[in-house]
Amino acid sequence: MPELPEVETIKNELAPWIVGQSFTKVAIPDAKLLSGCSVRDVRRALVGQKVERLERRGKYLIFHLSNGQVLIIHLRMTGSLLLDPEEVGRYARAVFHLSNWHRFVFSDRRRLGKMWLVEDVDSVVCKLGPEPLDRGFTPNVLRQRLSRHHIPIKAALLDQHIVAGIGNMYADEALFAARIHPLRKADQLSLEEIRTLHNNIRRILRAAIGSKGASVDSYVRPEGELGTAHFDFKVAHRGGERCPICGGTIERVVVQNRGTYFCPRCQPLDRRPLTQKCAAAGLHERLKASRSLGSSSLILT
DNA sequence: CTTGGGACCTGGCTGC
DNA sequence: TGCAGCCAGGTCCCAA
């Protein structure tokens with residue numbers, strides 16, 4: 001599933017082959033791929049145009065063309081861009097031939113990917129939230145954006161209008177690293193929690209780019225290699241396994257129709273001190289009793 | 001305005 | 001072995 005680190009990797013690895021080259025031939029066997037333009041429009045506009053620059057914004061890949069137009073690709077769930085594959089394959093949705101005799105293929109098993117040809121990038125990506133790796137993305141920016149939403153923090157991190165580029169895997173990893181339960185309300189995190197979350201979002205995304213992305217499902221890099229970021233996952237897609245911190249069992253819940261993995265011990269829903277929790281639950285006596293017995297923890301249900 | 005839920009899409013998996 | 005039915009999740013769209 002291409003999220004920010006995967007799209008960034010694709011951009012970095014594709015750029016040396018594409019930037020400065022022009023399109024010589026474009027085939028789009030799957031017209032459903034296109035949003036707001038026809039196959040003929042795209043072929044006519046692209047052929048002969050040079051790619052001036054390749055850019056990523058959130059999970060969007062942006063090709064700046066020499067005529068000022070912009071080709072934008074979103075890979076969604078199962079899309080990939082393959083450089084010079086031996087065969088185009090049965091899932092090829094678009095094939096781009098370049099002036100250096102290389103070609104790249106937009107391959108997408110589930111056909112959820114999208115492609116736009118526009119005059120103005122903002123007509124497609126204007127509503128995206130800030131780039132989490134930009135200098136301007138400070139803890140205060142994150143705090144301000146989260147404070148407007150009374151929804152689970154997991155849902156807020158997945159909302160591209162709040163922050164761009166984070167998907168299901170990295171949201172789970174960042175919340176685990178910050179020890180924040182995925183169902184905590186976005187507008188009720190403390191400043192300290194937001195600082196920790198902000199720090200971990202950036203750390204985890206940077207590390208994942210360093211590992212060239214996570215190949216959990218169908219993600220492959222343009223030249224066919226896999227990424228290795230998933231080997232560093234602590235909770236994502238690890239339901240039922242042991243938590244690497246506390247040894248407890250990693251659980252899976254569904255938040256906003258998304259499989260969500262977390263450690264209930266490391267990411268408690270209620271973070272108030274134990275004494276306050278017990279007061280709220282009317283459990284003074286039980287706490288005293290458990291302490292007098294030398295118990296260091298109390299299970300609240 | 002915000003929030004939640006369904007649609008899109010299809011290969012792969014589960015269970016009968 | 002075959003097949004129906006469910007699941008995965010990024011984004012858009014609609015209803016409350």
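Computation of the quantities below employed the complete heavy-atom set of this structure, encompassing side-chain atoms and omitting hydrogens, waters and symmetry-equivalent molecules. The chains referred to below are lettered A, B, ... by the order of the sequence lines, with proteins before strands, and numbering in each begins at 1.
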Contact list for DNA chain B against residues 105-123 of chain A - heavy-atom distance below 4.0 Å: Arg109(A), Arg110(A), Arg111(A), Leu112(A)
Touch class at under 4.0 angstrom, heavy-atom based, for Met1(A) against every strand present: sugar-phosphate
Where at least one partner belongs to residues 235-247 of chain A, residue pairs that pass salt bridge (charged side-chain N to carboxylate O under 4.0 Å, His left out), sequence neighbours excluded: Arg238(A)-Glu241(A)
Spacing of Tyr219(A) atom OH relative to dG10(C) atom P, expressed in whole Å: 15 Å
Qualifying residues under side chain to side chain contact (heavy atoms under 4.5 Å, CB included), relative to Tyr91(A), sequence neighbours excluded: Arg93(A), Ser107(A), Arg109(A)
Any N/O donor-acceptor pair, Arg76(A) side-chain to dG9(C) base, under 3.5 Å: no
Residue pairs, two or more places apart or on separate chains, that pass salt bridge (charged side-chain N to carboxylate O under 4.0 Å, His left out) and touch residues 121-137 of chain A: Arg56(A)-Glu131(A), Arg57(A)-Glu131(A)
Distance, rounded to the nearest Å, where His161(A) contributes NE2 and dG10(C) contributes C1': 11 Å
Between dT11(C) (P) and Glu3(A) (CD): distance, integer Å: 9 Å
Least distance between heavy atoms, Phe176(A) atom then Val235(A) atom: CD1-CG1, 3.4 Å
Nearest-angstrom distance from the residue atom CD1 of Ile166(A) to P of dG9(C): 16 Å
Side chain of His74(A) - closest among dT11(C), dG11(B), dG9(C): dT11(C)
Residues forming a side chain to side chain contact (heavy atoms under 4.5 Å, CB included) with Gln256(A), sequence neighbours excluded: Ala155(A)
Listed partners of His149(A) passing ring pair (Phe, Tyr, Trp, His ring centres under 6.0 Å), at least two apart: none
SB check Asp172(A) Lys234(A) (cutoff 4.0 Å): no
Sugar-phosphate only, base, or nothing, as touched by Arg90(A) at under 4.0 Å among non-hydrogen atoms: sugar-phosphate
d(CG, Leu75(A); P, dT11(C)) in whole Å: 10 Å
Residue list, side chain to side chain contact (heavy atoms under 4.5 Å, CB included) with Ala214(A), at least two apart or on another chain: Glu6(A), Met169(A), Tyr170(A), Ala229(A), His230(A), Phe233(A)
Value in whole Å for how far the P atom of dC7(C) lies from OH of Tyr261(A): 13 Å
Nucleotides 3-5 of chain B: which of its N/O atoms have a protein N/O under 3.5 Å away?
{"from": "dT3(B)", "atom 1": "OP1", "to": "His150(A)", "atom 2": "N", "distance (Å)": "2.4"}
{"from": "dT3(B)", "atom 1": "OP2", "to": "His149(A)", "atom 2": "ND1", "distance (Å)": "2.8"}

Distance, rounded to the nearest Å, where Leu158(A) contributes CG and dT11(C) contributes C1': 11 Å
His237(A) vs Tyr60(A), nearer the 5' end of DNA chain C by closest nucleotide: His237(A)
Side-chain donor-acceptor pairs under 3.5 Å in residues 80-89 of chain A, sequence neighbours left out?
{"from": "Asp84(A)", "atom 1": "OD1", "to": "Arg103(A)", "atom 2": "N", "distance (Å)": "2.8"}
{"from": "Asp84(A)", "atom 1": "OD2", "to": "His102(A)", "atom 2": "ND1", "distance (Å)": "2.4"}

